[in-house]
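Structure first, then comments.
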Amino acid sequence: SPATREAFSHAGHADGVSSWIPGQSDGFVAVGDLNRTMQTLVDASTSDPSISASTNAFGLTGPGGVLPHLTGDAALEAQVGSKAGPAGALLLRSDDARSLSAFFSKLLTLASSSGSVLTPGLSATQRQPAIAAGATTTYRGVLITSRSALPGLTGLAPSYAVLDGMGILGSNLAAVEAVIDTHKGGPSMANEPTYRAAAGASIARPSAVFFVKTGSLLQAARQLKVPGATRTVDGQTVATLEPIKALSLTSTSQADQLVERLFLLIE
């Protein structure tokens with residue numbers, strides 16, 4: 001369709017955001033056209049008042065909404081092998097820090113409210129701190145806003161910050177600080193040897209990237225303990241997957257085609 005051809009012609013480039021992603025991350029997804037994708041979805045749902053009300057409530061659309069200010073660059077990175085449990089951060093590039101901060105604030109307020117309501121056994125008094133509690137701190141000159149841990153979600157105490165046009169929404173304070181450290185000169189995914197090896201064999205300047213260190217995932221799976229489970233990852237599975245160090249899926253597009261490349265790094 002004409003709309004699809006238009007989207008394919010302006011897919012953006014997702015590889016630039018890799019310099020913001022901490023080198024110790026176990027994987028990430030990055031796109032270069034999030035704004036166009038979201039705008040298309042919003043336009044397609046204009047006839048449904050409930051959806052418009054929801055996007056306005058989240059600060060995505062409406063007066064002061066963040067959508068018109070998103071540049072398209074976005075990423076979601078994760079670490080699965082940390083001792084504190086899985087952690088990660090959402091990265092959104094914008095040309096307006098105020099609307100991006102307001103979007104994160106509304107998103108967390110609604111998430112806190114929903115988490116409290118859905119958690120059984122909590123009184124109204126117990127719910128309220130999860131909705132309203134929060135604190136600000138300054139880390140390396142960057143203001144970070146944090147929420148208290150969400151009820152029923154152990155280890156999830158979201159924090160957010162906006163730095164040099166990039167919004168950072170982390171699963172906890174440490175996740176935000178890790179991205180700040182990376183941007184201020186720390187090791188990034190752009191220079192991580194495993195990612196560089198995979199990127200060298202992937203599509204140049206892709207519009208979307210999916211990258212994962214499969215070795216890290218395998219190690220985390222072997223250490224995972226599920227209550228009530230009697231089996232772990234069997235030896236044959238480990239032997240089969242162990243040589244695979246990384247998986248990379250990249251894509252790019254033009255008006256008349258979409259190209260994807262899947263690459264496995266095997267040692």
Side-chain angles (χ1 to χ4, degrees), residues 10-39 58-61 63-79 82 87-109 111 134-147 156-193 195-196 199 204-211 250:
H10 301 87
H13 299 288
D15 49 342
V17 75
S18 63
S19 62
W20 283 81
I21 298 174
Q24 68 268 27
S25 297
D26 294 314
F28 71 93
V29 178
V31 296
D33 62 345
L34 181 66
N35 54 343
R36 289 178 177 273
T37 300
M38 297 181 72
Q39 188 64 61
F58 276 102
L60 183 64
T61 56
V66 72
L67 183 54
H69 299 285
L70 296 180
T71 67
D73 293 345
L76 179 65
E77 62 88 18
Q79 299 179 42
S82 65
L90 171 68
L91 306 177
L92 297 175
R93 195 185 296 277
S94 170
D95 61 12
D96 185 77
R98 179 174 297 181
S99 64
L100 190 53
S101 293
F103 172 66
F104 284 155
S105 179
K106 291 180 179 179
L107 191 64
L108 293 186
T109 297
T136 58
T137 184
T138 300
Y139 179 74
R140 301 189 68 173
V142 181
L143 181 68
I144 304 176
T145 302
S146 301
R147 292 277 178 174
L156 184 59
S159 300
Y160 67 88
V162 179
L163 169 64
D164 293 340
M166 185 68 79
I168 310 163
L169 176 61
S171 57
N172 52 42
L173 180 61
V176 176
E177 292 177 344
V179 176
I180 294 173
D181 287 339
T182 300
H183 181 60
K184 289 184 175 290
S188 73
M189 189 61 70
N191 297 314
E192 201 278 330
Y195 175 69
R196 286 177 60 85
R205 302 202 71 194
S207 57
V209 180
F210 172 80
F211 172 78
T250 50

Which pair of heavy atoms, one from [X] and one from [Y], lies closest together, and at what distance?
X	Y	result
Asp15	Arg205	OD2-CA, 3.6 Å
Gly88	Ala175	O-CB, 3.4 Å
Leu163	Trp20	O-CH2, 3.2 Å
Glu77	Pro22	CD-CD, 4.1 Å
Gly32	Asp73	CA-OD1, 4.0 Å

Side-chain donor or acceptor of [X] paired with backbone N/O of [Y] under 3.5 Å:
X	Y	answer
Ser101	Ala97	yes
Gln79	Ala87	no
Thr138	Leu143	no
Ser25	Gly27	no

Aromatic contact between Tyr195 and Phe211, with the criterion being ring centroids under 6.0 Å apart: yes or no?
yes
So that I know where these two stand, are Phe210 and Phe28 an aromatic pair - ring centroids less than 6.0 Å apart?
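No, the ring of Phe210 stays outside the 6.0 Å limit from the ring of Phe28, centre to centre.
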Separation of [Y] [atom2] from [X] [atom1] (nearest 0.5 Å):
X	Y	atom1	atom2	value
Ile144	Ile168	CD1	CD1	7.5 Å
Arg93	Leu100	CZ	CG	11.5 Å
Phe104	Leu169	CZ	CG	5.0 Å
Met38	Thr61	CE	OG1	9.0 Å

Per the side chain to side chain contact (heavy atoms under 4.5 Å, CB included) rule, which among Leu92, Leu67, Thr71 passes with Leu34?
Leu92
For a side chain to side chain donor-acceptor pair (under 3.5 Å) check, start with the C-alpha distance between Ser99 and Asp96, then their side-chain angles and the critical distance, and finish with the verdict.
CA-CA 6 Å; Ser99 64; Asp96 185 77; 2.9 Å; yes
Among pairs that include at least one residue of residues 28-39, which meet side chain to side chain donor-acceptor pair (under 3.5 Å), considering only residues two or more places apart or in two chains?
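Every side chain to side chain donor-acceptor pair (under 3.5 Å) pair that includes a residue of residues 28-39, provided the two are not neighbours, is Gln39-Asp43.
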